[in-house]
Amino acid sequence: MFKNKNGSSNNISGENIARFRKQMQPKLSQRALADRLQLCGIDVDKNAIQRIECGKRFVTDIELAAVSHVLGVSVLDLLGLPK
């Protein structure tokens, strides 16, 4: 079985997703983010958002693109990479 070499986290974007979500005005709840993603065709629920933000769930590239669109930030911002 393969193991993730990124410590205990299954993604590098979760903390940034949480930070950008909370910075929105008005602040966007995990449920509201999940609802907006579902409108984009991404089937996630509040629990999936919670697991992504705490690093317990992997994030697909399609999900990452949709999250960046909903939050109004770039995928690079979510990954914590310079532009």
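Starting from 1, each residue takes its place in the sequence as its number.
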Give the minimum heavy-atom separation between [X] and [Y], together with the two atoms involved.
| X | Y | result |
| --- | --- | --- |
| Ile52 | Asn11 | O-ND2, 3.0 Å |
| Val44 | Ile49 | CG2-CD1, 4.1 Å |
| Gly80 | Asn16 | N-ND2, 3.5 Å |
| Asn10 | Phe58 | O-CD2, 3.0 Å |

Distance check, rounded to the nearest 0.5 Å: [X] atom [atom1] versus [Y] atom [atom2]?
| X | Y | atom1 | atom2 | result |
| --- | --- | --- | --- | --- |
| Asp45 | Leu33 | CG | CG | 11.5 Å |
| Arg31 | Lys46 | CZ | NZ | 6.5 Å |
| Arg19 | Glu53 | CZ | CD | 12.0 Å |

State whether Glu63 and Arg57 are salt-bridged, where the test is any N-O pair (Lys NZ or Arg NE/NH1/NH2 against Asp/Glu carboxylate O) under 4.0 Å.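 So Glu63 pairs with Arg57 through a salt bridge.
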Take Ile42 and Ile62 through the side chain to side chain contact (heavy atoms under 4.5 Å, CB included) test and state the conclusion after the steps. CA-CA 8 Å; Ile42 305 298; Ile62 295 168; 3.5 Å; yes
Solution key, residues 66-74 side-chain donor-acceptor pairs under 3.5 Å, sequence neighbours excluded:
residue : atom : partner : partner atom : Å
Ser68   : OG   : Ala65   : O            : 2.8
Ser74   : OG   : Leu76   : N            : 3.3
Ser74   : OG   : Asp77   : N            : 2.9
Ser74   : OG   : Asp77   : OD2          : 3.2

Measuring only between side-chain heavy atoms, which start at C-beta, is Leu39 closer than 4.5 Å to Asp35?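 Sidechains of Asp35 and Leu39: no contact.
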Please check this pair: side chain of Arg21 against backbone of Leu28, looking for a donor-acceptor N/O pair closer than 3.5 Å.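 Here the side-chain-to-backbone pair exists.
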